[in-house]
Student: 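Following this message is one structure expressed as structure tokens.
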Amino acid sequence: MELLWTISATLLLCSLLSILWKEFDRRRNRNCYLLDYVCYKPSDDRKLSTELCSDVIARNKRLSVSDYKFLLKVVVNSGISEETYGPRSIIEGREECPTHDDCVDEVDDCMHRTLDELFLRTGISPIDVDVLVVNVSMFAPSPSLTSRIINRYRMREDVNTFSLAGMGCSASPIAIDLVNNIFKTRKRTLAVVVTSESIAPNWYCGTDKSMMLGNCLFRSGGCSFMLTNDPSLKHRAKMSLKCLVRAHLGADDDAYSCAIQREDAEGRVGFHLSKSLPKAAVLAFAENLQRLAPKVLPVGELALYVLRGLRHRLWRSKEARTDAATAARVNFKSGVDHFCLHTGGAAVIDAVGRALGLTKYDVEPARMTLHRWGNTSVSSLWYVLGYMEAKKRLRRKDRVLMLSFGAGFKCNSCLWEVLRDLNDGGAWEDCIRAYPQQTLVNPFMEKFGWVKEA
Amino acid sequence: MTGAPLPLFSSSVKLKYVKRGYQHLVDNFVTFLSIPVMVAVGLELARRGPQEIVGLWRALELDVIHILCSVFVIVFVATVYLMSRPRPVYLVDYACYKPPSNCRVPFSAFMEHTRLINSDEKSVQFQMRILERSGLGEETCLPPANHYIPPRPTMEASRAEAQLVIFSAIDDLIRKTGLKPKDIDILVVNCSLFSPTPSLSAMIINKYKLRSNIRSFNLSGMGCSAGLISIDLARDLLQVHPGSNALVISTEIITPNYYAGNQRSMLLPNCLFRMGAAAILLSNRRRDARRAKYRLVHVVRTHKGADDRAYRCVYEEEDAEGHTGISLSKDLMAIAGEALKSNITTIGPLVLPMSEQLLFFFSLVARKLINPKRKPYIPDFKQAFEHFCIHAGGRAVIDELQKNLELSAEHVEASRMTLHRFGNTSSSSLWYELNYIESKGRMRRGDRVWQIGFGSGFKCNSAVWKCLRTVKTPVDGPWSDCIHRYPVHIPEVVKL
């Protein structure tokens with residue numbers, strides 16, 4: 001009957017249209033856009049010069065002369081400049097007994113400054129925030145840091161907050177992963193993420209060498225950024241998240257215990273970095289790249305990689321002298337234009353650069369960030385990104401890879417696509433003209449040059 | 001001749017039954033509408049007679065193609081509808097940590113230790129008074145480090161406690177569910193007052209050799225209501241990843257948080273917090289639907305942090321002597337009540353039957369337009385839930401909620417008995433309470449459970465679960481050896 005046909009056809013058409021619309025709507029709302037980010041710039045009275053570092057180290061009467069020399073050597077060779085920042089409690093001589101207020105003030109200063117500026121720049125009110133994530137690895141007071149932010153900015157009652165702690169130096173991609181997953185379940189959501197690290201409560205005042213490196217290398221820093229999945233805000237967004245890969249090697253005992261917070265023989269708490277850390281890092285890195293490569297590289301490069309691997313395997317006798325690594329190397333630069341490397345230290349940056357086949361130009365942002373800001377732990381990726389933006393390197397359709405390592409042992413990475421030409425100076429505004437610095441040698445090398453002989 | 005006075009008819013009419021009738025009418029409105037329609041159609045068909053009906057059918061001229069197409073369209077539309085619904089999240093099973101009896105802290109031991117550690121007699125007396133009125137029993141447990149005089153809150157001892165409680169709970173869960181560690185896709189851990197680096201989630205990944213592509217999150221500092229925050233996060237992740245399961249660990253580590261000072265507002269946690277942990281297995285796999293105990297229906301989170309009074313009511317700070325502790329303000333009960341009201345405002349429309357919602361709406365209108373002094377109508381949540389798990393934060397919290405929600409003694413029995421047997425185990429207390437209800441054989445298929453957690457911030461979080469299969473006693477859990485002794489009568493004051 002005609003009527004039946006018409007009804008059936010209409011119903012079918014409606015169903016098809018509704019499926020298509022649902023799929024389209026889902027895809028529209030699946031994207032994670034970075035609206036803006038603000039890196040923390042502490043006040044100048046918190047700068048830690050090498051001389052000040054030397055004084056602070058000397059205050060620890062338990063250290064022997066050889067320990068003192070060792071630490072000074074670490075500071076001098078670290079590639080860190082005189083412009084990095086430390087917490088007030090250390091500069092004012094209270095490093096061994098920081099009060100609870102010292103620790104809270106340190107984190108508050110970072111959160112408030114960066115969030116004030118973030119809300120100002122984006123023009124979005126705190127009332128509109130739907131999700132709030134804070135990750136500070138080594139300090140988790142009650143009420144949580146997220147509650148502190150809600151109280152200060154008078155956010156709504158139904159804000160979904162998450163306070164991540166203990167997740168190490170690579171927690172920034174973890175926070176992004178959390179928000180990204182939430183975005184896939186809700187429409188038109190706005191998320192604010194604050195990443196920072198707390199140094200004041202974690203100063204090590206003992207004599208175990210493996211625990212003293214943290215004292216020398218970590219510096220104050222932080223970043224707040226705003227993410228959304230609202231397609232109507234896409235035109236204001238800076239970048240769009242393409243993929244995220246997390247690799248956790250905690251199942252391996254050596255990897256788990258290579259960077260661990262514990263007590264030393266005398267009962268003092270410190271952050272122990274063991275000699276097996278580089279090996280754990282390499283394994284985690286390889287695991288991450290294995291899963292990242294298919295998502296990031298163009299098909300051509302992947303095909304070439306497979307072919308090279310096959311050729312190496314089949315003609316093994318002829319190619320015996322060829323280095324296995326170079327035979328199987330993948331050119332990440334075919335799929336990624338800029339690399340934000342975690343500024344764990346000069347050695348880490350160089351090692352990762354070599355492994356990925358990067359040039360001096362590619363690792364420059366990371367080296368310069370280490371020089372200007374030190375190892376700011378979780379937020380270091382954002383300072384590196386800030387350098388690239390201040391240098392006007394980020395152009396539309398460029399792809400940026402963020403790569404970081406952290407205790408656990410984890411290696412986390414995420415790939416962003418730049419949505420428009422970026423040129424904000426941000427935290428680098430006042431000093432970007434001085435970069436890149438030709439020499440990263442510590443100016444006090446002469447004065448403390450005698451440590452080199454030790 | 002004076003007879004007995006006439007009885008008051010208004011009270012004998014038994015308004016209760018009127019209300020019952022009204023509830024039935026409104027709740028089953030659609031049914032009440034459809035019955036007359038069906039009766040009418042049935043009468044019409046009966047009037048026509050079978051021959052006429054067959055004749056009508058033939059007149060439609062349907063052939064196989066038409067029928068197939070119609071069936072196809074119906075099936076297609078049904079599939080689209082079913083696929084577009086959010087994935088259900090099932091609670092396969094959960095396990096709670098049962099502390100060994102050598103960790104017990106009976107009142108006598110607690111007071112003796114307190115006297116030896118603390119030289120201030122007033123503080124000792126204050127703690128004794130708290131303990132007397134606390135509603136705790138003699139079998140609550142503290143971790144080994146707290147049994148030293150003075151307690152030894154080292155990081156090593158804290159990690160040891162974490163390993164003890166968490167691994168025991170997970171081992172128990174693995175035994176009950178046959179879960180393979182390599183199968184775990186998502187791991188969420190919440191522990192408010194202890195967050196070492198690497199995190200507790202990394203510690204679990206290390207011990208059980210979990211996969212390297214696991215999605216792990218470690219929440220900290222989020223207070224006693226963090227257990228439901230972890231459930232919320234696990235639910236969001238399970239919505240995004242089909243065919244996955246999630247392991248949620250809720251615990252509080254007591255060792256590093258002993259307060260060594262004398263400020264009264266900070267002494268309460270020492271008296272009330274006890275060891276505990278819960279491991280929960282959530283899944284969205286269809287095959288787990290058959291063996292799952294509960295299905296997650298709603299999670300509602302309310303954060304009152306924007307209000308300064310609420311924000312400061314549970315606050316970690318240093319006292320005058322430099323000892324760090326968590327101070328609880330005197331406003332705690334009032335603030336808990338207000339936070340609950342906010343939470344109810346959101347959850348009410350989701351769970352209350354239409355009859356209650358309409359009553360609440362009419363009472364609101366009446367208050368606004370007719371008489372502002374009229375008592376607000378408190379929706380009858382007993383209509384929406386069969387069981388209540390209220391965070392065993394303290395006797396006063398349970399009393400306050402019982403009053404606010406107009407619950408009977410049986411409804412809050414699980415909370416009171418958990419407080420008595422296990423103390424305030426923070427975020428895991430809700431799971432001990434649920435286990436109590438199951439152990440008492442009260443959990444039937446179709447029952448709805450409301451878990452309410454409160455915590456620093458100030459937060460009030462709720463989760464609603466629906467029971468999928470009747471839980472048979474005896475239940476393997478922390479109550480298995482003592483459920484026969486419960487419920488016990490808990491006096492107002494236990495004289496020490």
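A, B, ... follow the sequence lines: proteins, then strands. Residue 1 opens every chain. Predicted model, so just to flag it, every value in this text is computed and none were measured.
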Student: Using the ring-ring contact (aromatic ring centres under 6.0 Å, His included) criterion, which residues pair with A/Y256? Sequence neighbours excluded.
Tutor: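 With sequence neighbours excluded, A/Y256 shows a ring-ring contact (aromatic ring centres under 6.0 Å, His included) to no residue whatsoever.
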Student: Chain B heavy atoms under 4.5 Å from A/Y153: which part of the residue, side chain, backbone, both or neither?
Tutor: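 Contact with chain B: none, neither part.
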Student: Quick one: which of B/V314, B/T346, B/T324 has the most heavy-atom pairs under 4.5 Å with chain A, could you say?
Tutor: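 Maximum pair count with chain A is reached by B/V314.
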Student: For chain A, which residues of residues 304-313 of chain B have at least one non-hydrogen atom nearer than 4.5 Å to it?
Tutor: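 If one takes a 4.5 Å heavy-atom cut-off, the residues of residues 304-313 of chain B near chain A are B/K304, B/G305, B/A306, B/D307, B/D308, B/Y311.
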Student: Within this structure, what is the OG1-CG distance for the pair A/T146 and B/L219, rounded to the nearest 0.5 Å?
Tutor: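 Those atoms lie 9.5 Å apart.
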Student: Suppose the criterion is ring pair (Phe, Tyr, Trp, His ring centres under 6.0 Å): which pairs have a residue in residues 195-220 of chain B, not counting sequence neighbours?
Tutor: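 Non-adjacent pairs meeting ring pair (Phe, Tyr, Trp, His ring centres under 6.0 Å): B/F167-B/Y208.
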Student: Can you check whether B/T197's main-chain N or O pairs, donor with acceptor, with A/Q261's side chain at less than 3.5 Å?
Tutor: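 Yes: the side chain of A/Q261 pairs with the backbone of B/T197.
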Student: Under 3.5 Å, is there a donor on one side chain and an acceptor on the other for B/E318 and A/T99?
Tutor: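 Side-chain D/A pair, B/E318 to A/T99: absent.
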Student: For the atom pair CE (A/M138) and OG (B/S220), what is the distance rounded to the nearest 0.5 Å?
Tutor: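 Taking CE in A/M138 and OG in B/S220, the distance rounds to 13.0 Å.
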Student: Measure A/R152 against the heavy atoms of chain B and call it side chain, backbone, both or neither at under 4.5 Å.
Tutor: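 For A/R152, there is no contact with chain B at all, as no heavy atom is under 4.5 Å.
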Student: Please determine, among B/E156, B/Q239, B/M222, the option with the most heavy-atom pairs under 4.5 Å with chain A.
Tutor: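 Ranked by heavy-atom pairs under 4.5 Å with chain A, first place is B/M222.
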Student: To the nearest 0.5 angstrom, please state how far the OG atom of B/S212 sits from the NE2 atom of A/H248.
Tutor: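 Separation between the atoms: 10.0 Å.
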Student: Short question: side chain of A/E263, backbone of B/M155 - any donor-acceptor pair under 3.5 Å?
Tutor: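 Pair found, side chain donor or acceptor close to backbone of B/M155.
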Student: Which atom pair, heavy atoms only, marks the closest approach of A/A140 to B/S195?
Tutor: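 What the structure gives for the nearest pair is CB-OG, 3.6 Å.
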Student: Determine, for B/K209 against A/D253, whether the closest basic-nitrogen to carboxylate-oxygen distance falls under 4.0 angstrom.
Tutor: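 Yes, charged N to carboxylate O under 4.0 Å.
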Student: Should A/S147 and B/H303 be marked as a side chain to side chain donor-acceptor pair (under 3.5 Å) after you check the CA-CA gap, both sets of side-chain angles, and the distance that decides it?
Tutor: CA-CA 8 Å; A/S147 298; B/H303 201 303; 3.1 Å; yes
Student: What do the steps show when you test A/L178 against B/L233 for side chain to side chain contact (heavy atoms under 4.5 Å, CB included), and what is the final call?
Tutor: CA-CA 8 Å; A/L178 197 160; B/L233 178 58; 3.8 Å; yes
Student: Going from NE2 on A/H100 to CG on B/D319, what distance comes out if it is rounded to the nearest 0.5 angstrom?
Tutor: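 The CG atom of B/D319 is 12.0 Å from NE2 of A/H100, to the nearest 0.5 Å.
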Student: To the nearest 0.5 angstrom, please state how far the CG atom of B/N206 sits from the OG atom of A/S257.
Tutor: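 So the gap between those two atoms works out to 7.5 Å.
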Student: Would you give the length of the straight line joining atom CG of B/D236 to atom OG1 of A/T185, rounded to the nearest 0.5 angstrom?
Tutor: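 Here the rounded value is 4.0 Å.
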Student: Chain B contacts: which residues in residues 168-176 of chain A have a non-hydrogen atom closer than 4.5 Å to it?
Tutor: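 Residues in range: A/G168, A/I174.
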Student: Is the NZ or CZ atom of B/R301 positioned over A/F162's six-membered ring, under 6.0 angstrom from the centre and within 45° of the axis?
Tutor: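 Satisfied, under 6.0 Å and within 45°.
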Student: Identify which part of A/N160 has an atom lying under 4.5 Å from any heavy atom of chain B, answering side chain, backbone, both or neither.
Tutor: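 A/N160 touches chain B through backbone and side-chain heavy atoms alike.
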Student: Could you check whether any side-chain N or O of A/R246 sits under 3.5 Å from a backbone N or O of B/S216, counting only pairs where one atom can act as donor and the other as acceptor?
Tutor: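 It does hold such a pair.
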Student: Please evaluate residues A/S142 and B/S192 with respect to the criterion side chain to side chain contact (heavy atoms under 4.5 Å, CB included), reporting the C-alpha separation (whole Å), side-chain torsions for both, the decisive distance (0.1 Å), and the verdict.
Tutor: CA-CA 8 Å; A/S142 253; B/S192 191; 3.9 Å; yes
Student: Can you name the closest pair of heavy atoms from B/E316 and A/P141 and give their distance?
Tutor: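 It is OE1-CA, 3.3 Å.
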Student: Run B/C460 and A/E157 through side chain to side chain contact (heavy atoms under 4.5 Å, CB included) and show every step you take.
Tutor: CA-CA 10 Å; B/C460 175; A/E157 277 180 11; over 6 Å; no
